[in-house]
J.: 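Sharing a structure, written as structure tokens. Questions coming.
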Amino acid sequence: MRVSSLSEDRNDRRAQGSTTRETVETMRALAIFFLIIALAALGWDANNILTGYGVASLSGIAHIWQSLDKTSYDVIEQIALGSAGHGVWTYFALPVMTLPACALFGITGLVMLRGQNHEIKVRAPSERELELVRQGMDPRRSRR
């Protein structure tokens with residue numbers, strides 16, 4: 001009985017490890033996607049500057065979206081106004097969509113990438129921490 005429960009624990013840990021690994025890979029892919037969008041938004045702003053529109057401000061999602069396809073933007077606006085109400089659109093959605101797209105997506109991507117690197121240590125582990133790892137315990141939870 002004891003041996004089977006140990007093997008079940010190991011299988012559970014392996015399953016959790018693969019799920020965690022998949023989650024990390026998915027989060028990393030999303031972070032890279034957000035960083036690519038941020039670079040595209042910077043390219044959009046650089047194009048506007050070089051074509052003579054000047055540097056009034058960095059383009060927000062709403063500005064880029066309206067420039068690409070005004071009809072779909074208007075449809076989404078009407079759907080949001082109809083379902084969520086005027087206050088949600090005016091005081092939440094629109095201000096977020098007018099933030100600079102490069103900053104909005106860039107910061108989100110960087111935070112997501114940084115969130116996946118929480119296991120990096122600045123110092124070498126102590127002998128006590130190494131012993132806890134050998135025993136299969138988490139040294140972060142055993143600190144006093």
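Residue numbers run from 1 in the order of the sequence given.
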J.: For residues Ile37 and Leu99: do they belong to one hydrophobic cluster (side chain heavy atoms under 4.5 Å, members Ile, Leu, Val, Met, Phe, Trp, Tyr)?
T.: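 Cluster IDs for Ile37 and Leu99 match.
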
J.: Hey, could you give me the CG/OG1 distance between Leu58 and Thr98, rounded to the nearest 0.5 Å?
T.: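 Going from CG on Leu58 over to OG1 on Thr98, the span is 12.0 Å.
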
J.: Mind jotting down which residue pairs meet the ring pair (Phe, Tyr, Trp, His ring centres under 6.0 Å) criterion with at least one end in residues 74-96? Sequence neighbours excluded, please.
T.: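 Applying ring pair (Phe, Tyr, Trp, His ring centres under 6.0 Å) to every pair that reaches into residues 74-96, excluding sequence neighbours, yields nothing.
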
J.: Could you tell me whether a side-chain N or O of Gln78 sits under 3.5 Å from a main-chain N or O of Val75, the two making a donor and an acceptor?
T.: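 Pair absent, no side-chain N/O of Gln78 close to backbone of Val75.
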
J.: Hey, what do you get for CG (Asp69) to CD1 (Ile64), rounding to the nearest 0.5 Å?
T.: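 One gets 14.0 Å once the value is rounded to the nearest 0.5 Å.
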
J.: Kindly list each side-chain donor-acceptor pair under 3.5 angstrom involving residues 101-112, sequence neighbours excluded, with atom names and distances?
T.:
{"unit_1": "Thr108", "atom_1": "OG1", "unit_2": "Leu104", "atom_2": "O", "d": "2.6"}

J.: Around atom CD of Glu127, are there more than 12 heavy atoms from other residues, nucleotides or ligands closer than 6.0 Å?
T.: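 Atom CD in Glu127 is not crowded, with 12 or fewer foreign heavy atoms closer than 6.0 Å.
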
J.: Is there side-chain contact between Met27 and Val24, with at least one heavy-atom pair below 4.5 Å?
T.: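 A side-chain contact is absent here, since even the closest heavy-atom pair is not under 4.5 Å.
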
J.: Please answer: with hydrophobic residues joined when any side-chain heavy atoms are less than 4.5 Å apart, are Val88 and Val96 in the same cluster?
T.: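 Cluster IDs for Val88 and Val96 differ.
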
J.: Can you hop from Phe33 to Leu39 via hydrophobic side chains spaced under 4.5 Å?
T.: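 No.
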
J.: Applying side-chain contact (heavy atoms from CB on, under 4.5 Å), run through Met97 and Trp65 and close with a yes or a no.
T.: CA-CA 10 Å; Met97 290 175 49; Trp65 191 354; 3.8 Å; yes

J.: Could you tell me the separation between the CG atom of Leu81 and the CG atom of Leu94, rounded to the nearest 0.5 Å?
T.: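 CG of Leu94 is found 9.5 Å from CG of Leu81.
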
J.: Would a distance-only check, ignoring hydrogens and angles, find a side-chain to backbone donor-acceptor pair under 3.5 Å from Asp45 to Ser59?
T.: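 Checking the backbone N and O of Ser59 against the side chain of Asp45, a donor-acceptor pair under 3.5 Å is found.
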
J.: Kindly compute the distance separating OH (Tyr73) from CD1 (Ile61), expressed to the nearest 0.5 Å.
T.: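 With rounding to 0.5 Å, OH (Tyr73) is 10.5 Å from CD1 (Ile61).
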
J.: What's the spacing between Leu113 CG and Arg28 CZ if we round to 0.5 Å?
T.: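 Leu113 atom CG to Arg28 atom CZ measures 7.0 Å (nearest 0.5 Å).
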
J.: Is the backbone of Asn48 close enough, under 3.5 Å, to the side chain of Thr51 for a donor and an acceptor to pair up by distance?
T.: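 Looks like yes, one N/O pair under 3.5 Å.
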
J.: Are Arg134 and Glu131 within salt-bridge range, i.e. N to O under 4.0 Å?
T.: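 Judged by the 4.0 Å cut-off on N to carboxylate O distance, Arg134 and Glu131 do form a salt bridge.
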
